[in-house]
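Okay, structure first, notes after.
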Number of protein chains: 2
Amino acid sequence: MEHKLEALEKNPIQVADRLFQTMEVLASSGPIGLMDLSGTLGLNKSTVHRILNSLIYMGYVKQNPETAKYSLTFKIWDLANQLLTQNDIVDIARPHLKELVAKCGETVHLVQVDGLKAVYIDKVESYTNSVRLVSKVGKSIPLYCSGVGKALLAEMSPADAKAIWDKSEIQKLTEHTITDYQALQERLSQVRKQGYALDDEENELGVRCIAACIKDYKGKPKYAFSISAPVNRMSDERISELAVAVLETQKKLEAEWN
Amino acid sequence: MEHKLEALEKNPIQVADRLFQTMEVLASSGPIGLMDLSGTLGLNKSTVHRILNSLIYMGYVKQNPETAKYSLTFKIWDLANQLLTQNDIVDIARPHLKELVAKCGETVHLVQVDGLKAVYIDKVESYTNSVRLVSKVGKSIPLYCSGVGKALLAEMSPADAKAIWDKSEIQKLTEHTITDYQALQERLSQVRKQGYALDDEENELGVRCIAACIKDYKGKPKYAFSISAPVNRMSDERISELAVAVLETQKKLEAEWN
DNA sequence: AAACATAGTTTCATAATATGAAACACAAAA
DNA sequence: TTTTGTGTTTCATATTATGAAACTATGTTT
């Protein structure tokens with residue numbers, strides 16, 4: 001069994017591209033007319049019309065009977081949600097993450113490894129504080145420059161971690177972002193020693209995180225969670241305090257999940 | 001400009017059906033092999049292989065290099081999330097809903113009308129109580145048998161409300177579900193008098209809700225929000241208390257949104 | 001080791017499908 | 001009225017997707 005290595009140079013199904021491009025445009029534009037769509041897609045209006053009817057037929061698009069404009073329905077959410085419910089970690093982790101939020105009053109995230117990134121699969125927000133962190137279930141964050149990412153990288157085999165680093169587009173997102181592999185490795189060994197990882201405004205200025213990963217029964221890092229808060233609430237002392245709670249939660253999660 | 005009224009009897013693009021069916025199977029099955037997929041879809045394996053490669057090309061599917069199994073990536077979430085960020089109500093409502101949760105300690109939902117249903121577009125959970133309500137952003141609930149639904153129906157034109165009732169598949173979900181149009185109308189006029197709607201275990205046994213709708217500047221009901229809780233925490237007295245907070249929140253939201 | 005079985009992958013002649021120019025229908029604007 | 005700008009429908013044609021069959025790699029049985 002040999003599995004393809006090189007990427008395809010063109011989509012083997014032309015309409016597929018057109019279908020999804022149409023959905024993507026609809027997602028970002030909101031209700032839009034046929035001509036506009038045809039223009040932005042660079043396709044003949046008949047073609048777009050047919051594509052839209054196909055999407056309507058399947059329930060992913062609707063047309064406003066008054067304005068004749070087209071827009072997406074909420075059906076993609078079914079797909080998206082199913083993707084999450086597949087994995088039972090969300091349900092298992094929930095109560096523990098809530099407990100963590102209740103204890104520390106800060107927002108907690110749960111992520112899953114997905115290639116070079118960590119995808120947010122759950123989020124428990126504290127409603128007692130008013131600072132809004134821009135994060136959403138389904139969004140992703142690079143592994144090399146996030147707390148959860150480093151928690152995960154630290155527990156991977158050195159080869160895997162190196163491979164991810166090499167494939168990642170290393171960008172200096174803030175002045176604190178690590179852009180040197182040597183430096184990262186030092187941090188990772190520190191993470192292994194401490195059991196938790198930190199994000200010191202490496203991804204976004206003004207935000208510090210403390211994170212820990214969740215390994216499966218084989219010892220492979222699969223998920224991670226973090227507490228994020230603005231720097232003014234994240235002094236080094238506070239981090240030492242939170243670290244205790246984080247390690248406790250990690251222990252419980254790994255025990256219950258496996 | 002005449003807009004199509006009758007539904008198409010078949011998909012004008014055959015592959016479209018196949019593409020999305022493939023995604024739906026992948027969503028519910030999790031990682032799956034080519035032969036299994038080919039079997040469940042009833043398609044030739046070459047065809048499925050091509051479809052999968054197309055989806056991989058676009059980034060919606062990935063193949064595990066070790067097991068050769070196919071599964072969805074998290075890319076559909078980009079589409080799904082964009083659908084929400086289009087509408088600024090979520091961001092506007094957030095702080096007010098959080099305040100409401102902080103005040104009453106129960107889970108609060110925000111919904112949007114979508115045809116015959118109300119779709120959850122946001123949710124603020126209370127982490128102090130441990131009862132889990134099964135609801136998720138992106139899921140939907142029929143208008144005729146939910147608190148938010150009745151809050152919305154009450155503010156629609158009688159014709160619109162009737163049309164939705166007629167098109168809905170009325171089912172007795174619990175012993176309290178309203179299945180008679182006359183009865184619904186009486187409830188709706190009560191809702192209009194009080195300014196808020198109730199769901200008295202009409203959708204799910206053991207759960208009561210109090211809800212109010214948010215109208216746009218034209219007076220059209222667009223969104224609604226609700227407080228849900230198990231019956232034992234939702235006595236009639238408690239509801240009277242919560243009603244005050246709900247009406248207050250409604251007022252603020254309508255003022256800020258328009 | 002050899003033969004077999006079972007996965008995924010690739011090829012290619014052919015049938016089936018998507019394409020888009022053009023005609024059409026309707027509404028609003030000139 | 002005429003014109004302009006929508007969305008809709010049609011249809012000959014080129015293009016595209018199709019799936020049977022051949023192929024390859026891996027694991028299993030003889």
Side-chain angles (χ1 to χ4, degrees), chain A residues 1-26 29-58 60-73, chain B residues 1-26 29-58 60-73:
Chain A
M1 238 173 290
E2 193 174 13
H3 310 127
K4 179 183 45 310
L5 294 165
E6 337 89 48
L8 295 162
E9 75 283 350
K10 77 163 214 160
N11 196 320
I13 301 178
Q14 194 190 56
V15 261
D17 255 334
R18 297 176 168 189
L19 282 160
F20 281 92
Q21 266 167 36
T22 303
M23 296 201 45
E24 280 162 21
V25 172
L26 285 171
S29 73
I32 185 174
L34 180 67
M35 297 308 283
D36 268 2
L37 247 182
S38 163
T40 42
L41 288 167
L43 296 172
N44 186 291
K45 63 174 176 170
S46 309
T47 304
V48 178
H49 189 257
R50 190 165 357 93
I51 287 170
L52 288 168
N53 273 302
S54 178
L55 291 169
I56 289 172
Y57 179 86
M58 298 184 292
Y60 290 99
V61 166
K62 65 184 171 205
Q63 183 177 28
N64 184 319
E66 282 158 28
T67 62
K69 297 206 173 198
Y70 296 91
S71 56
L72 289 182
T73 66
Chain B
M1 239 174 290
E2 191 173 16
H3 310 129
K4 178 183 47 313
L5 293 164
E6 337 91 45
L8 297 162
E9 74 283 347
K10 77 161 212 159
N11 197 319
I13 301 178
Q14 193 191 57
V15 260
D17 256 334
R18 296 174 168 192
L19 281 161
F20 282 92
Q21 265 167 36
T22 303
M23 295 201 45
E24 281 161 22
V25 172
L26 285 173
S29 75
I32 185 175
L34 180 67
M35 297 308 285
D36 269 2
L37 246 181
S38 163
T40 42
L41 288 166
L43 296 172
N44 186 290
K45 64 174 177 171
S46 308
T47 304
V48 177
H49 188 257
R50 187 162 2 89
I51 287 169
L52 287 168
N53 272 302
S54 178
L55 291 169
I56 289 172
Y57 178 85
M58 299 183 293
Y60 290 100
V61 167
K62 67 184 171 204
Q63 184 178 28
N64 184 321
E66 281 158 29
T67 63
K69 298 206 171 196
Y70 296 91
S71 57
L72 290 182
T73 66

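Residue numbers begin at 1 in each chain, while the letters A, B, ... track the order of the sequences. Bear in mind that the values here come from a model prediction, so they are computed numbers and not experimental data.
- What separates OH of A/Y70 from P of D/dG7 is a distance of 7 Å, to the nearest Å.
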Exercise answer: donor-acceptor pairs, residues 38-46 of chain A side-chain atoms, under 3.5 Å, sequence neighbours excluded:
| from | atom 1 | to | atom 2 | distance (Å) |
| --- | --- | --- | --- | --- |
| A/S38 | OG | A/L43 | O | 2.6 |
| A/T40 | OG1 | A/D36 | O | 3.1 |
| A/T40 | OG1 | A/L37 | O | 3.1 |
| A/N44 | OD1 | A/S46 | N | 2.7 |
| A/N44 | OD1 | A/S46 | OG | 3.1 |

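- Taking atom CG of residue B/L52 and atom P of nucleotide D/dA17, one finds them 15 Å apart after rounding to whole Å.
- Partners of B/Q21 by side-chain hydrogen bond (donor to acceptor under 3.5 Å, both in side chains), not counting sequence neighbours: none found.
- Between A/L37 atom CG and D/dG7 atom C1' the separation is 12 Å, expressed in whole Å.
- Listed by chain and residue number, A/V25, A/I32 satisfy the side-chain contact (heavy atoms from CB on, under 4.5 Å) test with A/S29 (two or more places apart in sequence, or in another chain).
- Taking 4.5 Å as the limit, every side-chain heavy atom of B/R50 sits out of range of all side-chain heavy atoms of B/S54.
- Not counting sequence neighbours, A/K69 has no partner by the salt bridge (charged side-chain N to carboxylate O under 4.0 Å, His left out) test.
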At under 4.0 Å between heavy atoms, which parts of nucleotides 14-21 of chain C does protein reach? Answer with one letter per nucleotide, 5' to 3': B base, S sugar-phosphate only, - none. ---SSBBB
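- What separates NE2 of B/H49 from P of C/dT10 is a distance of 6 Å, to the nearest Å.
- Here A/Q63 reaches the OP1 or OP2 of D/dT8: one of its side-chain N or O atoms lies under 4.0 Å away.
- Atom CD1 in B/I32 sits about 12 Å away from atom P in C/dA7, given to the nearest Å.
- A straight line from CG of A/L34 to C1' of D/dT8 spans 9 Å, rounded to a whole angstrom.
- Distance, A/N53 CG to D/dT9 P: 8 Å, rounded to whole Å.
- Residues satisfying the side-chain hydrogen bond (donor to acceptor under 3.5 Å, both in side chains) test with A/E24, not counting sequence neighbours, are B/Y60.
- Rounded to whole Å, the distance from NZ on B/K45 to P on C/dT11 is 15 Å.
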